[in-house]
Protein chains: 2
Amino acid sequence: MRLVIARCSVDYAGRLSAHLPLATRLLLVKADGSVLVHSDSLSYKPLNWMSPPCVLSTVEPDEEQTEAGVTEVWKVAHAKTADLLVISIHEILHDSSHALGHDPGLQKDGVEAHLQKLLAEQIELLGDGYRLVRREYMTAIGPVDILATDAAGASVAVEIKRRGDIDGVEQLTRYLELMNRDPLLAPVSGVFAAQEIKPQARTLAHDRGIRCVVLDYDEMRGLDDSHSRLF
Amino acid sequence: MRLVIARCSVDYAGRLSAHLPLATRLLLVKADGSVLVHSDSLSYKPLNWMSPPCVLSTVEPDEEQTEAGVTEVWKVAHAKTADLLVISIHEILHDSSHALGHDPGLQKDGVEAHLQKLLAEQIELLGDGYRLVRREYMTAIGPVDILATDAAGASVAVEIKRRGDIDGVEQLTRYLELMNRDPLLAPVSGVFAAQEIKPQARTLAHDRGIRCVVLDYDEMRGLDDSHSRLF
DNA sequence: GACTGGATCTCGTAC
DNA sequence: GTACGAGGTCCAGTC
């Protein structure tokens, strides 16, 4: 990764035309050749950029550009499309390169895993007297998201999805079939819990005697104190 | 703007939970307090970030963290929501700060200006015998995008929009009223040109005797050679 | 490979 | 302020 702080102007021609007047900015050249132009505010999104695969070439400024104060011109061309990013550099204030190595990448515990954790902690949301047996209860065909017991002590298998679709109902149905063959567990009833349940999924679930529960993620997060552990 | 290259792990808790295992990354702290975490590939989007308004505080690692090799912990808290980004730094390999000053921001010559330029160059798209008089033809209430003449030599005012909405038709109507009072120009007919024209706008335009022309941006760009000038 | 839908979407603009 | 639509959308999944 190469970090350059430079006074520069930038032109982009591709799906649109855009221009950045002369100012001091960060030029970020990544190992894959991609280039990002960042200003000192307005986070997240670069002012301008070129996505990989692309090729950076440095060329000498022509006479006109030299007179205008340009010392160096970067041309970043996309390898497949005609997109072109031209960075006209007037002055380089900082230039350093760094070997970062491979990045293992982002792990999104994401919403489904988080919902599972929250619901396990707030299992009483399913009804009075409900108690958690365990998360990720293992069966021969895979783990059930949550195994609980109701007020009468009967087993309840819970399948959690962010968006409740037919697939999720089918999945829960397979678990229920299998678990109901186990005399130690049977009878096992099913709960299909999701932030949003599609009408088709709801119909199918009801048809199979599976209860549907819509989860209010924000409210559950509000009740939860786990993210305060980071403080 | 502060640039830090560091071996670090990152945790985010907010609208979702996410974790970045220990690796070497770029930490970018902007003047507005926002923080971006970038890896050396996969351009454009940071691996993780915190948007302004937010507050960065540096805290000492606790005993457990120190034993794990953490030398410094950054906590970036959003000012309004409960979003929190925690960066556990194991080693700082580079650290520099730079005053960038204000950025004039991106000028999207964008599609409308580009369409205007292209249509001026390809004015015959409006019909055989059409000729360009000038772009940005000035009137008392503002510039008309394009003034042209048709095959008979009569004046034609062209309003160009990316998306043709009712507003654009109203705008062109005002220009036409004004220009038709000028005996040197009158009679002036109107053309409403856009990549996409909404049904309501089309109806209104036809009702006022204004012709609608849908522009094929890609095709016009294909005929154009101006963006090749950048090469 | 094309297609589809989600996103810590972001970013405008109209209302 | 909120609501709606577009984005150089990006991105990951599926067909």
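Letters A, B, ... are given to chains in the order of the sequence lines, protein chains preceding strands, and every chain is numbered from 1. Keep in mind that this is a model prediction, so the values were computed, not measured.
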How far, in whole Å, is dC11(D) from dC11(C) if one measures between their P atoms? 15 Å
Send over the distance from Gln195(B) CD to dG5(D) C1', rounded to a whole Å. 15 Å
From dT10(C), dT9(D), dT8(C), pick the nucleotide closest to the side chain of Asp83(B)? dT8(C)
Per atom distances to the Lys45(A) side chain, the nearest of dT10(C), dT9(D), dT8(C) is dT10(C)
Within a strict 4.5 Å, meaning less than it, do heavy atoms of the Leu20(A) and Arg25(A) side chains meet? yes
In whole angstrom, give the distance that lies between atom OH of Tyr44(A) and atom C1' of dT8(C). 8 Å
Can you tell which of dA14(C), dT8(C), dC10(D) lies closest to the side chain of Asp167(B)? dA14(C)
Donor-acceptor pair under 3.5 Å: do we get one between Tyr12(B)'s side chain and the base of dT8(C)? yes
Output the distance between atom CG (Leu36(B)) and atom NE2 (His38(A)), rounded to the nearest 0.5 Å. 5.5 Å
Measure the distance from CG on Leu42(B) to P on dA7(C) and round it to the nearest whole Å. 19 Å
Angle class for the His94(B)/His98(A) ring planes (parallel below 30°, perpendicular above 60°, tilted otherwise)? perpendicular
Of Ser43(A) and Trp49(B), whose closest DNA chain C nucleotide lies nearer the 5' terminus? Trp49(B)
Less than 4.5 Å apart, any side-chain heavy atom of Met1(B) and any of Ser97(B)? no
What's the CG-P distance between Leu16(A) and dA6(D), to the nearest Å? 16 Å
Tell me the interatomic distance from His78(A), atom NE2, to dT9(D), atom P, rounded to whole angstroms. 12 Å
So how far is it from Lys45(B) NZ to Ser51(A) OG, rounded to the nearest 0.5 Å? 12.5 Å
Between C1' on dT8(C) and CG on Leu106(A), what's the gap in Å once rounded to a whole number? 10 Å
Give the rounded distance in Å between these two atoms: NE2 of His38(A) and P of dT10(C). 14 Å
Measure from CE on Met50(B) to P on dC9(C) and round the result to the nearest Å. 13 Å
